[in-house]
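What follows is a single structure, written as structure tokens, with notes after it.
Keep in mind it's a predicted model, so treat the numbers as computed, not measured.
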Amino acid sequence: MRQSIDQEAIYQELRRRAVAEFGEQRAAELEEFLQTAALQVAEVEQADAHPDLEPLLHS
């Protein structure tokens, strides 16, 4: 259940930004893309990393 709540919050923020940047009509055209992006961000945010894995830091 948490994922759907997080995904919805992420989607709402992405949509808000799309409306601010491109207007309501273009945001509506980007609906499928915004939903997919929100799902992907939510999955990354909730992914567990094995405790033995070091973070990948680039200098």
Side-chain angles (χ1 to χ4, degrees):
M1 185 70 176
R2 179 183 162 154
Q3 182 173 1
S4 65
I5 294 170
D6 290 342
Q7 181 182 346
E8 182 61 26
I10 294 166
Y11 165 75
Q12 290 299 328
E13 178 61 17
L14 291 175
R15 186 158 195 326
R16 183 192 67 75
R17 291 182 184 192
V19 169
E21 287 289 323
F22 309 117
E24 186 68 40
Q25 182 177 352
R26 181 67 177 136
E29 293 169 0
L30 294 171
E31 179 76 19
E32 186 176 336
F33 172 78
L34 296 173
Q35 289 285 356
T36 300
L39 174 61
Q40 292 171 340
V41 170
E43 288 176 347
V44 169
E45 287 291 323
Q46 294 178 7
D48 291 328
H50 191 277
D52 292 337
L53 293 177
E54 295 182 24
L56 297 175
L57 302 176
H58 301 279
S59 47

Could you please spell out the steps behind the side chain to side chain contact (heavy atoms under 4.5 Å, CB included) verdict for E45 and D6? CA-CA 9 Å; E45 287 291 323; D6 290 342; over 6 Å; no
Which atom of L14 lies closest to which atom of L34, heavy atoms considered: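 That closest heavy-atom pairing would be CD1-O, 3.9 Å.
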Residues in side-chain contact (heavy atoms from CB on, under 4.5 Å) contact with [X], at least two apart in sequence or another chain:
X: E13; result: R16, R17
X: E24; result: R15, V19
X: R26; result: F22, E29, L30

Run the salt bridge (Lys or Arg N to Asp or Glu O under 4.0 Å) test against E32 and tell me which residues pass, sequence neighbours left out.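 E32 satisfies salt bridge (Lys or Arg N to Asp or Glu O under 4.0 Å) with no residue once adjacent residues are dropped.
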